[in-house]
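What follows is one structure encoded as C-alpha cells, with my remarks underneath.
Just so you know, these numbers use all the heavy atoms, side chains as well, and skip hydrogens, waters and symmetry mates.
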Amino acid sequence: MRQGFNVRPPVGREAVLEAVTDSLLRPGGHGAVVVADAGTGKSLLATAVAAKLKDRMDMHRIHTSSSLSAVPYGALAPLISDLDPRETDSPLAVMRSLMGRLFPDARYESATAPLLIVDDAESLDEASGDLVMQLVTSGRLRVLLLTRRIAGLPAGLSNLVWEGALSRHDLPPLTEAQVHELCVQVLDGPVLTSTSTDIARVSGGNPMLVLALLSESVRAESLVFRNGVWLLHEQMLPPEGRLGDLLRAQLSGLSAGERDALEIIALAEPLPAAAAFSLGLHRAVDSLTEAKLVDISGDPVRLLRLKHPLYGDVVRRLVPAARSARLRRRLLTVSDPGTEQGENLLRWVSWSLDCGADVPDSSLVAAAYRANNLFDSALAFRLATAVKDPAYAMAARVQAARARFQDGKPEAARELILGVSAAAADLTTLKMAVLIRVELIRLQPTDDGGLSAVAADWLAGVDRIEESAGENPDSELAADILSSRRGGRLLDLTGRIAEGRFGSAEEELRTILAAGLRAHDDEAVLIAKILLAEILTESGRLQAAYGLSHDALTLLDRGGHRFMAYYQFVLYRHLRVLVWLGKWKEISATIQVGVSGVFGALVHVAGAVDLTEAVMHLRTNDAKAALDRLTASVEGLRTSDSQGLLTLSMGLGAFIAASNGQPVLAEELLADAASCKPRGAATTRLLARGYEAAARMLLQPERQPGITLSELAEEAENAGFVSVELELRFLSLSLGDIEGLNRLQKIAEDFEGPQGSVLGRFARAVLDDDADELLLMGSDPVEPGWERLADPCIAAAQRIAKAKGDHALLQRVQRVLGKQRGGTGSGTKAGVPLLTRRERDVAALVMQGYRNAEIAERLFLSVRTVEGHIYRTFEKLGISKREELKQELLTRDASA
C-alpha cells in the first residue's frame, strides 16, 4: 500500500451524521439513539458527532461491556471516581458524585446540558440506566446511545425511545457504491469495480469488516496495486490476521448449543432448516438468527446460511477434522444431504471429501459443475480430479478443463479438453467441451476455422451420438438432439456475426428462435435473442435490440447456475445496448443480474463493466471520472477479456487522455494497444482503430495519419456497421472534419437513440444553412456529453453568417463564442485555441501566398490533406476566402 489506514470521516454516513447532530442540538430535545449491527460504524459516527459539537457543549464518553453490566453503576465508574467506596450502594451519593463531574462549577440551571455518549448501550446496567434516564428527563443531560438493539437497553431508556423523547437513527450497511468509495479512500487510488463489489458482498457492507478485509488482503498480497489500479488477483479473501481475530471475537460468546448449530450450518451450508430442527437446534437457530449470524431463506424448503461468507470460512477453519466428522455423522441421523441436487450438494460433497467419506462419482461431477458456476475453480478442480469411474472420466475432464481456464491457465485447459469433442458419449459433455473450446478461441484466435470449425465438430458429435442411440431414441434424447443441433447452428452464426458477416444471419436467427420457443428450449432462445440484439445494435435498431437483450438477460437470471457459462457473452451485449440508448440508471442494476451472491464472478466481467461506466461518465461530461474508470477497465481486461475489448478500452483511454492534456498517458496507451494482438468482434476492432486514430490526430496534428477517420467510417459503411460508422463520423466531426454530412444525415435519421437524433439535427442544420439551430446547439448542447459538438456548431454558424454578410447574426455568433472563451459556456474550454498547430502552419503559408500544392510540398503533406486543413480553418474562423485570412485572427486564436 502507498499509505496506511488513516482515521477518516465516515463514508456514506453524511445524512445520519447531520440528523443525529440536529437531534442533539434541538431545543427541548433529550438526545438520540443510533441502532446498528456490530462493526457498522456507530463509534466512528459518534466520534464525528463529537468533533462537530466540541465547541458547543461539554462531552463525556463511557464504554459498557457484558462484564460491567453485572456491576451496579459499573459503566459510570470513570465519571464517579471520587465516590467514597462505602457509598457505592447509595443512588443519592452516586448522583451527587456524577453531578459534580458533569457540572464542576455547580451551576446546574444556567449551564448548557452536557452530552453523554454511551458505547454498547445494550450492556448498560439497570442502575446506571435509571440514573441517566432521570438526568435526561430532567433536562440536565443529553445522551447519544449506541446500541445493537433497542430492546437491550435498560427499561427507562428504551421507554424514552418508544415515547419519542430520544430520536432513533438506524445505521444501515454501506451500499456497494459506498464500499467502493471507502476502498478508494483507504487505498488512496483507483479500485477495480469488481474488487470493491466483491468486498461489499463478502462483508455485507459492514465497514469494520471492509477495513479488516482491505488490511488483511493487502498483507496477504491477494489485493495488489498493479498498473495504477487496486485489484484482487486471487478470488479468495483471507479470513486470517486482524480479520480472523475480529470474527472469532464475535463468535466467542456463543453457548455450546449455538456453536454446534453454527458449525453444522457452516459445514453443510446451506442446511435445510428441517434438518437442524430435527437435531433439536430450534433455540440455537433462533438465537443465531437474532444475533444476525445466520439467515433463514427459501420457499417452500427453508434453508439456513451464515450471514456473511466470511463467517463460514472462519468457522470451517476452526473445526478440527475429528469434530467435523462427528458432526457429519450426527447430521446423517436425521437427513442425507448427499441425496439432494440443490444448493447444499456442493458443500456436502466437499465436506464429505474432507472427512474421508466415499462420494459417488456422479455427485463429484455434479458438484464440480456447480463449483465452476460459482467460480470456485480450486474446489471444482479438486472435485473433478477425485473422479475414478471411467464412465464419468470424460465429464470430469471437461469440468477440470473449465476450472483451469477460469483459473487463468488456458494451456492446461487446452490439454485437458483435447479430443473430448470427438469422444464424448453424451450430449451434455459434448456441449460443455465445445463451450470451453469457444472460450479458448476467443482468448487466442486460431487459423483452423475458428468458431465455424468448432460448430462443425459439435454437429458431427451430435450425429455420432444419435447414430449410437439407434433408430428409435427416447423422446427426451430426441429433444436433446434437436436442441444440440440448434446449438451448433447458433455457434456457427456467432462466428459469422463476430467476423461482421451479417448477411442472412438475422433471418436464420429468427427461424431458430421460433423453433426454440416452440420446443421450450430456453438455452437456444437465450442465445438467439442476444445474437439478434447484437445484429440490431450494429444496424442502429436499438429499441428492438433492447427488447431482445433484456429478454435474454431475464432468461439468464431465471436459469440461475444453468446458464452461467453465457453470463459474460450476454451481459456485454446488453450493456452495449444500454450505452447506446443512454439508460445509465439501468446499467448498475444490470451487472448484478446472474451473479448475486456469487463471489468472484465479477472478476470475469470487471473490464467490460468499467469500460461501460467510463463511457457513461464521458457521455455525462465527466472526463476525469471516465479516465479513472478506463484505467481500471484496462487492468481488468488484462486479467479477463473473453470479448476482446482490451484494445478498445486502450484506444478510448488514449483519446480521452489526449483530449484532456495528458499526452504521456495517451502515448502509453497507444503503445500498449499497438503491442496487443487484435481480438474481439470486427466491429470492436474497427471502433478501437478509430479511437486510436483520433488520439494520434490530437497528439500529432502535423503528422499525416496512416488512415483517417473518414476512411475508417467508409470502411464501416461498406461493412454495414451502422453504429460504428455513426460513432466514427461523430469523432471525425468533433475534430473539425465536416465532410460526409449527407451520409451522416442519412444514417442518423434511421438510428434509434439520442446519438442519432442529435447528429441528425446537426447535419440538417449545416446542410440547410440554419444558423439559428446551430447557435442553439452550440450554446446549449441538447444532449449531455455532446459538448464536443459545440465548436463545430459555432464554426458552421459563423461561416453561414459570413457568407450571407449578416452582421447581426455574426455578432450573435461572436457573443456565444465570447461566452465559451470566457468559460461561462459549456463548449470550448477557456484557454484552448480553435486551430490545431498544423492548421496554423498551413494558414501562415496561405497568408504568404503559397498555393496548396506548394504548401503540401513544404510540409510533406498530401494536397488533399492541405485542402482539408484550409477548409476546417475557414470554418473555425468564420471566413470564406483566402484573402480574409489575417494575422490578427491567428494571433487572437493562439492567445485563447
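- We find the CG-CZ distance between L435 and F405 to be 11.0 Å, quoted to the nearest 0.5 Å.
- The side-chain heavy atoms of S123 and L68, taken from C-beta on, include no pair separated by under 4.5 Å.
- Each ring-ring contact (aromatic ring centres under 6.0 Å, His included) pair with one or both residues in residues 253-282, not counting sequence neighbours, appears once here: F277-H282.
- For E290, the CD atom is loosely surrounded, since the number of other residues' heavy atoms within 6.0 Å does not exceed 12.
- When each of E263, R326, R259 is checked for a side chain to side chain contact (heavy atoms under 4.5 Å, CB included) with V319, only E263 meets the rule.
- When all heavy atoms are compared, the tightest approach of S377 to N372 is CA-OD1, 4.5 Å.
- In this model, a donor atom of one side chain and an acceptor atom of the other lie less than 3.5 Å apart for W351 and S324.
- In this structure, L192 CG and H180 NE2 are separated by 9.0 Å, a value rounded to the nearest 0.5 Å.
- With a 6.0 Å radius and a threshold of 12 heavy atoms from other residues, nucleotides or ligands, R330 has its CZ atom above the threshold.
- Summarising the local packing, CZ of R149 is surrounded by 12 or fewer heavy atoms from other residues, nucleotides or ligands at distances under 6.0 Å.
- A donor-acceptor pair under 3.5 Å is formed between the side chain of T639 and the backbone N or O of E635.
- Closest non-hydrogen pair, V359 versus S352, comes out as CG2-CB, 3.6 Å.
- R323 has a carboxylate O that lies under 4.0 Å from a charged side-chain N of D260, or vice versa, which qualifies the two as a salt bridge.
- Taking both residues in full, the closest heavy atoms of V210 and S203 are given as CG2-OG, 3.2 Å, listed atom of the first, atom of the second, then distance.
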Next on the checklist: Under the criterion side-chain contact (heavy atoms from CB on, under 4.5 Å), I'd like the reasoning laid out for H550 against T554: C-alpha separation, chi angles, the key distance, then a yes or no.
Outcome noted: CA-CA 6 Å; H550 187 274; T554 301; 3.8 Å; yes
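- Pairs of residues two or more places apart, or lying in two chains, never qualify as ring-ring contact (aromatic ring centres under 6.0 Å, His included) while including a residue from residues 144-179.
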Item to check | Steps toward side-chain contact (heavy atoms from CB on, under 4.5 Å) verdict (Y311, L293) | outcome: CA-CA 8 Å; Y311 291 161; L293 293 173; 3.7 Å; yes
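- Here the straight-line distance linking atom OG of S196 with atom CG of L231 works out to 11.5 Å at 0.5 Å rounding.
- Between atom CD of residue Q399 and atom CE of residue M432 there is a gap of 4.5 Å, rounded to the nearest 0.5 Å.
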N/O donor to acceptor pairs below 3.5 angstrom from side-chain atoms of residues 39-46, sequence neighbours left out:
residue	atom	partner	partner atom	Å
T40	OG1	D37	O	2.6
K42	NZ	A36	O	3.4
K42	NZ	D37	O	3.1
S43	OG	D119	OD1	2.9

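- Inter-residue side-chain proximity for I265 and L281 is flagged as unmet; no heavy-atom pair is nearer than 4.5 Å.
- Considering only residues two or more places apart in sequence or on other chains, D125 meets the side-chain hydrogen bond (donor to acceptor under 3.5 Å, both in side chains) condition with S128.
- Within the 4.5 Å cutoff, the side chain of L383 has heavy atoms near those of the L346 side chain.
- A search for salt bridge (Lys or Arg N to Asp or Glu O under 4.0 Å) contacts involving D358 returns nothing, not counting sequence neighbours.
- Residues A261 and L288 approach most closely at CB-CD1, 3.8 Å, considering heavy atoms.
- Here the closest heavy-atom approach between residue L345 and residue A367 is recorded as CD2-N, 4.3 Å.
- Within the 4.5 Å cutoff, side-chain heavy atoms of R316 are placed close to those of E269.
- Side-chain contact between L267 and R328: absent, with no pair of heavy atoms (C-beta onward) separated by less than 4.5 Å.
- Between the side chain of T147 and the main chain of I150, no donor-acceptor pair closer than 3.5 Å is present.
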Next on the checklist: Is there a side-chain contact (heavy atoms from CB on, under 4.5 Å) between T289 and D295? Walk through the geometry before answering.
Outcome noted: CA-CA 6 Å; T289 304; D295 276 339; 5.8 Å; no
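- Partners of D361 under the side chain to side chain contact (heavy atoms under 4.5 Å, CB included) rule, at least two apart in sequence or in another chain, are L364, V387, K388, D389, Y392.
- Between C183 and L214 there is a side-chain heavy-atom pair separated by less than 4.5 Å.
- With hydrogens and angles ignored, the 3.5 Å screen pairs no side-chain donor or acceptor of S217 with any backbone N or O of S222.
- Between R382 and D376 there is no salt bridge, since none of the side-chain N atoms of the basic residue sits less than 4.0 Å from a carboxylate O of the acidic one.
- Contact annotation: the side chain of I117 never approaches that of I62 to less than 4.5 Å [non-hydrogen atoms, C-beta and beyond].
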Item to check | side-chain contact (heavy atoms from CB on, under 4.5 Å) between F563 and D522, intermediate numbers included | outcome: CA-CA 10 Å; F563 294 152; D522 285 348; 4.0 Å; yes
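- The CD atom of Q406 sits 12.0 Å away from atom CZ of R404, with the distance rounded to the nearest 0.5 Å.
- For the atom pair CG of L271 and CG of L331, the computed distance is 6.0 Å after rounding to the nearest 0.5 Å.
- Under the 4.5 Å side-chain criterion, counting only non-hydrogen atoms from C-beta, L187 is in contact with L223.
- Exactly one residue among T612, D610, V609 makes a side chain to side chain contact (heavy atoms under 4.5 Å, CB included) with R629. That residue is D610.
- Here the shortest heavy-atom pairing between A380 and A403 reads CB-CB, 4.0 Å.
- Under the 3.5 Å distance criterion, the side-chain polar atoms of N159 are matched with a main-chain donor or acceptor of A155.
- Between the R370 side chain and the A366 main chain, no donor and acceptor come within less than 3.5 Å of each other.
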